[in-house]
Amino acid sequence: MSERYFYAKAAYAALGIDTEKVIEQLKGVKISLHCWQGDDVSGFEDCGALSGGIQATGNYPGKARSAEELMADLDKALSLMPGAHKINLHASYAIFDGEPVSRDKLEPEHFAKWVEFAKERGLGLDINPTLFSHPMAADGLTLSHPDEKIRRFWIDHCKAMRKIGAYFGKELGITCVNNIWIPDGYKDTPADRLGPRQRLKASLDEILSEKYDPSYLVDTVESKVFGIGVESYTVGSHEFYMNYAAKNNIICLLDNGHYHPTEVVSDKIPSMLLFSDKIALHVTRGVRWDSDHVVTFDDELKEIAKEIVRCDALDRVLIALDYFDASINRIAAWIIGERNMRKALLYAMLQPYAQLKAMQDEGDFTGILTMSEELKFYPFADIWEEYCERCGMPARESWLEEIRQYEKDVLSKRA
């Protein structure tokens, strides 16, 4: 225990906060790490350029080109992330020993190597159907498509991925989150807003009709306000999915880059938790219209973490990261974002909520503002340093030297 931690511990103890308990609790919070940061959402199918409004900008050298390289990069990233984790996969990261299999025919065997990878490291696995970057999604419509044949392909794909997700949960003993996001929408104002949503509802009803053990698999649905090429109308809007999730007893997933620039997910969390047992998050950083920047320790991230902790919902909010930046070292991007998410949780766990709530109920808004501002200068960084030390990892920027060496030894040799 460092001298700095000793004094920081005493400062927080004066507020009624036991930093020892906080550190132990933080170690157990699982953050789901998105595999697609490591290869710019390319996957292993070779289906052509990204589509569905998805773009990874930049051409920083050394991206993963195979499952082996992606797994090696994940290992390096995880070695510098203090805490518990899952790996979040897309269907397009299936591993084929022979001929590739169509997405609607995927089976658990095509993800067996990922299960082996996770078992060896004590990780969980999450899954996402991949309803983009595919010839059957070329016109930007999938589960809401007016063509029944195209719709059937994507329904069968989503069914296949639910089966695979249940396999993950059973094999690993850690519940798998299966998240459905679709790129469907229109560039200009549609003549019919209802019809596509009716078709989406019918598709989801069929996909979710088979019941799996909830200890193995939970389903989530993810909205978006708009995307590239679908600026005027998105079939899977927030209102659609929020209502669908509530009515069908599944989980609504909130991506904090998928709303209008003036909307904040932090304000949605307590309302959603009031009516839902669980909610899910894709944590990213929206910059103007783009939602997929590396997560930084900004005000909204801190507010998201505060609401999770204030609501006593660390076991009710499923936290995953979702961004892809090809303009900087991809492994560093993983580490920066994950560490900031965990720093935000630690920062939130060091707030005296009982005291602040009492002030609010008593109308003491002067006290709230005073305390909120003073807390920003409490020795949070010293608690983080102690936490990292106990996890056997560097707390400060020295971790970057290890990544630079990995870049020199490994990434630079990739063509």
Side-chain angles (χ1 to χ4, degrees), residues 25-39 43-44 64 66-97 101 103 106-130 157-181 207-208 210-220 222 250-251 253 277-283 314-322 334 338 341-342 391:
Q25 188 177 24
L26 184 62
K27 286 180 182 178
V29 177
K30 285 189 175 69
I31 295 175
S32 191
L33 192 67
H34 56 311
C35 76
W36 49 93
Q37 164 58 35
D39 74 334
F44 306 142
S66 66
E68 292 74 20
E69 290 181 352
L70 186 58
M71 288 177 181
D73 292 352
L74 280 165
D75 271 338
K76 176 52 67 175
L78 289 165
S79 74
L80 293 165
M81 296 176 179
H85 295 93
K86 302 171 84 178
I87 300 298
N88 200 6
L89 301 172
H90 251 283
S92 53
Y93 291 83
I95 301 172
F96 306 110
D97 289 328
V101 173
R103 287 187 194 174
L106 287 169
E107 294 286 344
E109 65 190 76
H110 302 125
F111 291 85
K113 290 184 178 178
W114 281 112
V115 170
E116 181 182 346
F117 176 86
K119 276 185 178 179
E120 290 174 353
R121 294 154 179 81
L123 303 166
L125 291 176
D126 292 329
I127 194 64
N128 303 258
T130 307
H157 170 57
C158 290
K159 285 182 173 181
M161 300 321 296
R162 292 188 74 230
K163 178 181 176 181
I164 289 163
Y167 155 72
F168 288 168
K170 185 175 183 179
E171 286 291 313
L172 299 172
I174 300 171
T175 305
C176 173
V177 177
N178 170 64
N179 178 56
I180 298 174
W181 174 81
I207 290 164
L208 298 168
E210 185 170 357
K211 303 304 178 186
Y212 289 96
D213 186 329
S215 67
Y216 297 155
L217 180 76
V218 295
D219 295 290
T220 68
E222 176 184 1
I250 61 172
I251 297 171
L253 185 144
D277 179 53
K278 293 182 185 292
I279 63 170
L281 299 179
H282 272 186
V283 182
L314 282 168
D315 60 343
R316 295 175 60 199
V317 178
L318 310 173
I319 303 171
L321 302 179
D322 184 8
W334 261 327
E338 192 279 344
M341 181 71 249
R342 204 169 292 276
C391 292

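Heavy-atom basis, side chains included; hydrogens, waters and symmetry copies ignored. Note that the structure is predicted; figures quoted are calculated from it, not measured.
- Note that CG of L172 and CH2 of W114 are 12.5 Å apart. Values are rounded to the nearest 0.5 Å.
- The side-chain heavy atoms of L89 and D126, taken from C-beta on, include no pair separated by under 4.5 Å.
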task = Output, in order, the C-alpha distance, side-chain angles, deciding distance and verdict of side chain to side chain contact (heavy atoms under 4.5 Å, CB included) for H110 and Y93.
result = CA-CA 9 Å; H110 302 125; Y93 291 83; over 6 Å; no

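- With hydrogens and angles ignored, the 3.5 Å screen pairs no side-chain donor or acceptor of R316 with any backbone N or O of I279.
- Smallest separation of non-hydrogen atoms from I207 and C158: CD1-CB, 3.5 Å.
- Considering CG of D213 and NZ of K211, their distance stands at 13.0 Å, rounded to 0.5 Å.
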inquiry  = side chain to side chain contact (heavy atoms under 4.5 Å, CB included) for N178 and T220? Distances and angles first, verdict last.
reply    = CA-CA 6 Å; N178 170 64; T220 68; over 6 Å; no

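- The shortest non-hydrogen separation linking T130 to A91 is OG1-N, 2.9 Å.
- Interatomic distance, CE of M161 versus OH of Y167, reported as 11.5 Å (0.5 Å rounding).
- At a threshold of 4.5 Å between non-hydrogen side-chain atoms, the residues I95 and M71 count as touching.
- Rounding to the nearest 0.5 Å places CZ of F96 at 7.0 Å from CZ of F111.
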ask   = Can you list the steps and then say if D322 with W36 is a side-chain hydrogen bond (donor to acceptor under 3.5 Å, both in side chains)?
value = CA-CA 8 Å; D322 184 8; W36 49 93; 2.9 Å; yes

task = Show the numbers, then the answer: is there a side chain to side chain contact (heavy atoms under 4.5 Å, CB included) between K30 and H85?
result = CA-CA 5 Å; K30 285 189 175 69; H85 295 93; over 6 Å; no

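- Annotation for P214 and T175: closest pair O-CG2, 3.6 Å, computed over non-hydrogen atoms.
- L281 is not listed as a side-chain neighbour of L253, based on a closest heavy-atom distance of 4.5 Å or more.
- Rounding to the nearest 0.5 angstrom, the gap separating the CZ atom in F168 from the CD1 atom in I87 is 11.5 Å.
- In this structure, I127 and G165 approach most closely via the heavy-atom pair CG2-CA, 4.0 Å.
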task = Decide side chain to side chain contact (heavy atoms under 4.5 Å, CB included) for V177 and K86; before the verdict, give the C-alpha distance in whole Å, the side-chain angles of both, and the deciding distance to 0.1 Å.
result = CA-CA 10 Å; V177 177; K86 302 171 84 178; 4.0 Å; yes

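- Put simply, the side chain of F44 reaches to within 4.5 Å of the side chain of L70, judged on heavy atoms.
- Between R162 and E210, some side-chain heavy-atom pair lies under the 4.5 Å cut-off.
- For the residue pair N128 and N88, a side-chain donor N or O sits within less than 3.5 Å of a side-chain acceptor on the partner.
- A salt bridge links E107 to K163: at least one charged side-chain nitrogen sits closer than 4.0 Å to a carboxylate oxygen.
- The closest side-chain donor-acceptor pair between D219 and Y212, if any, does not fall under 3.5 angstrom.
- No donor-acceptor pair closer than 3.5 Å links the side chain of R342 to the backbone N or O of M81.
- Contact detail for A280 and I251: the closest heavy-atom pair is N-CG2, 3.6 Å.
- Smallest separation of non-hydrogen atoms from L217 and A166: CD1-N, 3.9 Å.
- Between K278 and D315, no side-chain nitrogen of the basic residue sits less than 4.0 Å from a carboxylate oxygen of the acidic one, so the salt-bridge criterion is not met.
- The shortest side-chain heavy-atom distance between L208 and I250 falls under the 4.5 Å cut-off.
- Side-chain contact between E338 and L78: absent, with no pair of heavy atoms (C-beta onward) separated by less than 4.5 Å.
- Taken from CD1 in I174 to OG in S215, the straight-line distance is 12.0 Å, to the nearest 0.5 Å.
- At least one side-chain heavy atom of H282 sits under 4.5 Å from a side-chain heavy atom of E222.
- Look at K119 and E171 and you find a salt bridge, because one of the NZ, NE, NH1 or NH2 atoms lies within 4.0 Å of a carboxylate O, short of that distance.
- Using the six-membered ring where Trp is involved, H34 and W334 have ring planes that are perpendicular, over 60° apart on the 30 and 60° scheme.
- For D75 and R121, the salt-bridge test passes: some basic side-chain N is under 4.0 Å from an acidic carboxylate O.
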